[in-house]
Amino acid sequence: MPPSLPGCDQSGPPRRESAPSSPAAPRTRALPVRRTRLVRAAVWAAVAAGPLSLIASCTRDEPAAHTQPAPVTRAADHPQASADPTGYAELILGLWLRAGSGEDSTAARQLRALAPSVQLPVWGEHTPDVERLAAVRTAPQSDTAWSVTVAVQFKSPVADSGEQGLVRYFALPVIATGAGTAPGTREAFAITAAPAEVAGPTVLDEPDDPYDTQVPTGSALASTVEEFLTAYLGAEEGAERYLAPGTTLPAPTSAAFTTVTAEELQAADRTDGTVGKDGATVRVQARITARDASGGQWPLTYALKLTARDGRWEVVALQSGLEDTATTKTSSSRTGTASTTRTAATVITSIHTSSARTGIRVAGWEVTR
């Protein structure tokens with residue numbers, strides 16, 4: 001084996017010396033695997049964010065835009081029309097009173113068409129001559145049934161009935177149903193029996209007059225009342241100057257009186273007619289006579305409330321005069337055999353007949369014949 005040379009590696013072949021290389025082009029570094037996965041996840045999250053936000057907006061409790069619900073029309077907003085039986089009762093009673101002149105009369109034919117179950121009357125020598133009819137009482141018997149009392153004013157008494165026969169009262173049983181509130185809607189009614197003549201209302205005793213203090217003529221209170229009523233009824237102008245501040249009292253536009261004279265002035269409060277302290281009030285009732293251009297005399301009564309202000313009386317209100325009226329009793333001297341414990345005109349509710357007597361029981365009074 002040849003001897004090894006100094007500086008030579010005997011363990012392997014000799015190394016080659018690489019020649020110097022020319023500058024190389026820049027290279028692109030590959031992204032790490034973990035970063036690639038993160039980028040891919042971010043892209044998918046962005047893609048999924050659109051549908052998710054849409055779903056979230058649809059399921060949100062408070063929407064961005066509030067929609068007002070459409071108004072709901074309820075039955076209570078439109079009051080139901082109730083049938084009014086008074087007109088039907090007046091119509092049928094008027095036909096019934098005219099139908100007695102013959103079954104072939106126009107009134108008889110109309111009555112048979114409108115109330116076929118009602119029996120026609122038959123008049124003798126004197127046919128009732130009706131001047132006017134007016135329903136004076138309506139007593140409901142059920143939701144659709146009424147008993148209606150109609151007053152009949154005749155032009156002349158019927159068959160020796162005297163002056164009391166000029167006004168008579170008849171009760172009619174009426175069934176009526178309404179059919180809505182619009183004009184022209186169809187209603188239905190029926191008269192189930194012929195009219196029943198009943199007692200009329202009684203006449204009350206006049207209540208105690210609350211105006212019991214005479215106001216002196218020529219006093220400030222009497223002058224103010226007379227001057228105000230003269231202007232109020234058109235005999236003069238300037239009624240507003242007698243009104244208290246804030247009081248509005250339209251005058252009757254049809255009044256055409258030339259003079260107004262105070263006949264009597266009474267007060268419900270103790271007063272001598274002089275102006276009281278500011279704020280003091282008094283209620284008076286004035287009986288006057290108003291004369292028109294043709295010489296007609298109109299007896300009129302006015303109840304007024306006045307207040308004192310700045311040394312004069314001013315009108316506060318036009319009243320009814322019944323503000324302090326107490327409960328009244330019925331006059332027995334004007335009712336003949338009728339007595340009552342109530343003050344309203346009422347209708348017949350039942351008729352009891354026996355061999356001993358005939359009792360007519362009317363809601364509010366009972367007449368025994």
Problem - side-chain hydrogen bond (donor to acceptor under 3.5 Å, both in side chains) between Gln285 and Arg287, intermediate numbers included - result: CA-CA 7 Å; Gln285 185 181 70; Arg287 294 180 175 88; 3.3 Å; yes
Can you find a pair of side-chain heavy atoms, one from [X] and one from [Y], that are under 4.5 Å apart?
| X | Y | result |
| --- | --- | --- |
| Ile191 | Val174 | yes |
| Val152 | Tyr169 | no |
| Val282 | Val284 | yes |
| Pro85 | Thr138 | yes |
| Asp269 | Arg283 | yes |
| Leu243 | Leu249 | yes |
| Arg112 | Val118 | no |

Practice task
Please answer: with hydrophobic residues joined when any side-chain heavy atoms are less than 4.5 Å apart, are Val316 and Leu318 in the same cluster?
Solution key: no
Problem - Pairs involving residues 301-318, ordered by first then second residue, that meet side chain to side chain donor-acceptor pair (under 3.5 Å) (sequence neighbours left out) - result: Arg309-Glu314, Arg312-Glu314
Distance (rounded to the nearest 0.5 Å) between [X] [atom1] and [Y] [atom2]:
| X | Y | atom1 | atom2 | value |
| --- | --- | --- | --- | --- |
| Thr144 | Ile175 | OG1 | CD1 | 6.0 Å |
| Leu93 | Phe170 | CG | CZ | 6.5 Å |
| Leu120 | Ser105 | CG | OG | 7.5 Å |
| Gln110 | Arg98 | CD | CZ | 7.0 Å |

Exercise for the section: Output, in order, the C-alpha distance, side-chain angles, deciding distance and verdict of side chain to side chain contact (heavy atoms under 4.5 Å, CB included) for Thr247 and Val315. Expected result: CA-CA 8 Å; Thr247 300; Val315 177; 5.6 Å; no
Whether [X] side chain and [Y] backbone form a donor-acceptor pair below 3.5 Å:
| X | Y | result |
| --- | --- | --- |
| Trp146 | Ala176 | no |
| Ser223 | Ala220 | no |
| Gln141 | Ala139 | yes |
| Gln297 | Thr289 | no |

Practice task
For the pair Asp272 and Thr274, evaluate side-chain hydrogen bond (donor to acceptor under 3.5 Å, both in side chains) and give the outcome as yes or no after the intermediate values.
Solution key: CA-CA 6 Å; Asp272 58 1; Thr274 58; 2.7 Å; yes
Practice task
Would you sort out whether Val136 and Val150 count as a side chain to side chain contact (heavy atoms under 4.5 Å, CB included), showing the intermediate values?
Solution key: CA-CA 6 Å; Val136 295; Val150 180; over 6 Å; no
Practice task
Tell me, with the steps shown, if Thr224 and Leu306 meet side chain to side chain contact (heavy atoms under 4.5 Å, CB included).
Solution key: CA-CA 10 Å; Thr224 299; Leu306 298 94; 4.0 Å; yes
Fill in the blank from the handout: By ring pair (Phe, Tyr, Trp, His ring centres under 6.0 Å), Trp123 pairs with (sequence neighbours left out) none
Handout entry: ring pair (Phe, Tyr, Trp, His ring centres under 6.0 Å) partners for Phe189, two or more places apart
Key = Tyr88
Problem - Gln153, CD: over 12 other non-hydrogen atoms inside 6.0 angstrom - result: yes
Practice task
Count the heavy atoms of every other residue, nucleotide or ligand shown that sit under 6.0 Å from CG of Asp278, and state whether that count exceeds 12.
Solution key: yes
Side chains of residues 225-240: which donor-acceptor pairs under 3.5 Å do they make with residues two or more places apart or in other chains?
unit_1 : atom_1 : unit_2 : atom_2 : d
Glu227 : OE1    : Tyr242 : OH     : 3.0
Thr230 : OG1    : Glu226 : O      : 2.7

Handout entry: Pairs satisfying ring pair (Phe, Tyr, Trp, His ring centres under 6.0 Å), at least one member in residues 258-283, at least two apart
Key = none
Exercise for the section: Identify, with sequence neighbours excluded, every residue that meets side-chain contact (heavy atoms from CB on, under 4.5 Å) alongside Thr261. Expected result: Glu263, Arg291
Handout entry: Donor + acceptor pair across side chains of Ser294, Asp292 (<3.5 Å)
Key = yes
